[in-house]
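Lettering of chains follows the sequences in order, A, B, ..., and the numbering in each one begins at 1. Any value given below was found using the heavy atoms of this structure, including those in side chains, with hydrogens, waters and symmetry copies removed.
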Number of protein chains: 2
Amino acid sequence: MKWKELEEEPCSMARTIGVIGDRWTLLILRECFLRTRRFEGFQSALGITRHLLAERLKKLVRQGILRRIPYQESPKRHEYILTQKGLDLYPIMMAIVHWGDTHMVDERGRPLLHQHRKCGKDFDPVMVCSECGEPLSAKEVHTHPGPGARSTPPNPASAASKAKARSRAA
Amino acid sequence: MKWKELEEEPCSMARTIGVIGDRWTLLILRECFLRTRRFEGFQSALGITRHLLAERLKKLVRQGILRRIPYQESPKRHEYILTQKGLDLYPIMMAIVHWGDTHMVDERGRPLLHQHRKCGKDFDPVMVCSECGEPLSAKEVHTHPGPGARSTPPNPASAASKAKARSRAA
DNA sequence: CCATATAGTTCTAAAACAGAACTGTCAAAT
DNA sequence: ATTTGACAGTTCTGTTTTAGAACTATATGG
């Protein structure tokens, strides 16, 4: 499967992974949320090769997750800032950080804490149901096909798997 | 930067990405949450090559995200089920799906809907503050170093970036 | 005229991945 | 008893991606 195919699958998760599902993209986005805006800033913070950084930034701009805006003329320079679509990735980032805080910390504890300005306290992110407000866990959720589902719905199998089915039949 | 180095960075996000931050791993985990348990199941659902699937499953087992348990003797066969550590990835999965539902759907609408058993309704996942229960957005959150932070904290720069600093100095 | 800052692009070698075929164990069918 | 098929991998070869380093371009300041 190619990256482009992923974005066309009838599965919101596959499509999202097609856009942000590689390690450098996720780390670049982490930097964005930590207020990094410029090429050199990303490069020195992450140690990513300049080549890949340029490519990933282009892709994020194409996807409408970052906007490239000039901050000076001569020489023309631009910085990268999150669009609303990009800001909406925040729950994904927080969910990833929180899992790491829970399962991947060493003796020294968490590298970063998060303070909620509204209530003033350090917090953990909690995922709740939009309808009843109760915290969610996998076992309390039932998945069923929506309007955009394909004909054989529960398994969002790819073109690749259909190809395989054909080759088995042959 | 190598994958192994990522897991040792003083950043919960980098560490988590070191474990689950590649496209196949994320898709395999999606299948796990959709109740797939067996090698052939993953393979035909995803169209992943058998080689990579075997490797990814091994890694997930090593990381304690999946457990490999026998379901029959002769021939010995195993299935892969999520541990608690694996189940705890659920908010990440839901956050990814929800972003895709919001920003990546086509005219036909969402491929999958989620129903909360407790309240019986189709829902969206919402991320809230553990302390005050209010929904979170990036701008309301202030990040500050925790006990596991390195000396120069806000920028969780890697060994790679330090190496770069040295080579610039030389 | 040289060094520095910024934002890239280009090159080569190494690593990861895709696609296909192959191995091994057993049960059921012929 | 031999063949077929299911299952869970492993091994091979060739392509794609990534790493690492050097190079380009535009401008400022000394």
Roughly how many Å is it from [atom1] in [X] to [atom2] in [N], rounded to a whole number?
X: A/Leu52; N: C/dG8; atom1: CG; atom2: P; answer: 14 Å
X: B/Ile48; N: C/dA16; atom1: CD1; atom2: P; answer: 15 Å
X: A/Gln72; N: C/dA5; atom1: CD; atom2: P; answer: 14 Å
X: B/Leu53; N: C/dG19; atom1: CG; atom2: P; answer: 15 Å
X: A/Leu46; N: D/dA19; atom1: CG; atom2: C1'; answer: 15 Å
X: B/Lys59; N: C/dA16; atom1: NZ; atom2: P; answer: 10 Å
X: A/Arg37; N: C/dT6; atom1: CZ; atom2: P; answer: 16 Å
X: B/Leu6; N: C/dA15; atom1: CG; atom2: P; answer: 17 Å

Inset, instruction - Taking only Lys NZ, Arg NE, NH1 and NH2, and the carboxylate oxygens of Asp or Glu, determine whether B/Asp106 and A/Arg15 approach each other closer than 4.0 Å. - result: yes
Legend entry - Salt bridge present between B/Arg50 and B/Glu40 (N-O < 4.0 angstrom): yes
Legend entry - Other ILVMFWY residues reachable from A/Val128 by side-chain steps of under 4.5 Å: A/Val126, B/Val126, B/Val128
Inset, instruction - Could you list who else is in B/Ile69's hydrophobic cluster, with ILVMFWY side chains joined at under 4.5 Å, directly or through other members? - result: B/Ile81
Legend entry - Close residues, residues 14-26 of chain A, relative to DNA chain D [heavy-atom separation under 4.0 Å]: A/Arg23, A/Trp24
Inset, instruction - State which residues pass side chain to side chain contact (heavy atoms under 4.5 Å, CB included) with A/Ala138; sequence neighbours excluded, sorted by chain then number. - result: B/Phe33, B/Leu87, B/Tyr90
Legend entry - Set of side chain to side chain donor-acceptor pair (under 3.5 Å) partners for B/Glu7, sequence neighbours left out: B/Gln63
Legend entry - Results of side chain to side chain donor-acceptor pair (under 3.5 Å) for B/Glu131 - residues two or more places apart only: none
Inset, instruction - For each nucleotide in nucleotides 7-13 of chain D, reading 5' to 3', give B when a protein heavy atom comes within less than 4.0 Å of its base, S when such contact involves only the sugar-phosphate, and - otherwise. - result: BBBBB--
Inset, instruction - Not counting sequence neighbours, which residues clear salt bridge (Lys or Arg N to Asp or Glu O under 4.0 Å) with B/Arg35? List them please. - result: none
Inset, instruction - Please list all pairs passing the side chain to side chain donor-acceptor pair (under 3.5 Å) test where one or both residues lie in residues 91-105 of chain A, with sequence neighbours left out. - result: A/Asp101-B/Ser12, A/His103-B/Asp88
Inset, instruction - Assign B/Thr49 to base, sugar-phosphate, or nothing according to its heavy-atom contacts below 4.0 angstrom with the strands shown. - result: base
